[in-house]
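First the proteins, then the strands, lettered A, B, ... as listed; each starts at 1.
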Protein chains: 2
Amino acid sequence: MFIEIDFNSEEAFYIQLRNQIIIGIATNQFQEGDTLPSVRQLADSVGINMHTVNKAYSVLKQEGFIRLDRRKGAVIALDANKLHAMEELQENLRVVLARAVCKGVAEEEVHQMVSEIFREMS
Amino acid sequence: MFIEIDFNSEEAFYIQLRNQIIIGIATNQFQEGDTLPSVRQLADSVGINMHTVNKAYSVLKQEGFIRLDRRKGAVIALDANKLHAMEELQENLRVVLARAVCKGVAEEEVHQMVSEIFREMS
DNA sequence: TCTTTTGTTATATCCATAATATAACAACTG
DNA sequence: CAGTTGTTATATTATGGATATAACAAAAGA
């Protein structure tokens, strides 16, 4: 899987890493039990500091996407708290969809886009 | 329309204001041509600084949701750049849906939630 | 065993951003 | 004229993002 940093983005580096890894899990490029690169290794390969990668991993652990093993490192391990995920999804969608609606995006267009994204991820 | 600040939220005050106003527009609580409270007035009523409200308004203008009129103040005025809105929507959905998918949320559940949010907003 | 790599923790610094506090000015309102 | 408006400027404080070293215990490989 290719992970890279957009140094011109306004998004924090550790957020970019987190999002890319989450998308990697959703697209099955990372699977349950797979190990992520070591913090030093990933930091080196994308050109940022070790602690920034460490922060991304810490957030991913705190949010229930990986497990930090003393011997194996960062291991993909989902604690699927679906109730919590649904609440988070709803709050996120409320803002994201409101923005789109204001700009004239229709409901059918959103449904189509959702379907397309699921197609990409399956 | 009720605007309020969650002082315990991790979200920046000006982002909270921005999102609530956008949701207000999407739900027709604010309509094209309506004026928002003056920066001093809104700052006073929600208990934050004038400049924080000013920043929220500046962002809303920059993102094409309001127009800043010398005499009327902040006026709801949408420049509906739909192409841009669709691109932004897609990028946002990619991350938001990936998070949900990892936690076991199914495509139908997303479609249902989208429909429900559109029902709330119409 | 020795060496290397690993995760982890602890400081420290630098910079940008968020939020606040005054202040001032031009323009509009009553 | 007095009050309110948007706007701009400056300054301060606090927080968060990113980096730089450094150190240590545990695991892995030779």
- Any A/Lys55 side-chain N or O less than 4.0 Å from OP1/OP2 of D/dG17: yes
- Item | Listed nucleotide nearest any side-chain atom of B/Asn54, set D/dT8, C/dA19, C/dT20 | D/dT8
- Note on the structure: Taking every heavy atom of A/Ile22 against every heavy atom of B/Arg99, the minimum-distance pair comes out as CD1-NH1, 3.4 Å
- Query: Any side-chain heavy atom of B/Tyr14 within less than 4.5 Å of one from B/Ile48?
  - Reply: no
- Go through D/dA20, C/dA21, D/dA18 for me and flag the one nearest to the B/His51 side chain. C/dA21
- Task: Scan residues 17-25 of chain A against DNA chain D and write down, sorted by residue number, each residue with any heavy atom closer than 4.0 Å; if none is found, say none.
- Result: none
- Message: With a 3.5 Å cut-off and heavy atoms only, can you find an N or O donor on one side and an acceptor on the other between the side chain of B/Arg40 and the base of D/dT7?
- Response: yes
- Select base, sugar-phosphate, or nothing to describe what A/Tyr14 touches, counting heavy atoms under 4.0 Å on all strands. sugar-phosphate
- Of B/Ile15 and A/Met50, whose closest DNA chain C nucleotide lies nearer the 5' terminus? A/Met50
Residues 30-40 of chain B side chain polar contacts: donor-acceptor under 3.5 Å, at least two apart:
from	atom 1	to	atom 2	distance (Å)
B/Glu32	OE2	B/Leu78	N	3.2
B/Asp34	OD2	B/Gln31	N	2.9
B/Ser38	OG	B/Gln41	N	3.1

- Item | Candidate nucleotides D/dA22, D/dG17, C/dT20, ranked by approach to the side chain of B/Phe13 - the nearest | C/dT20
- Kindly point out which of D/dG6, C/dA18, C/dT9 is positioned nearest to the side chain of B/Ser38? D/dG6
- Under a 4.0 Å N-O cut-off, is there an ion pair linking A/Glu88 with B/Lys103? no
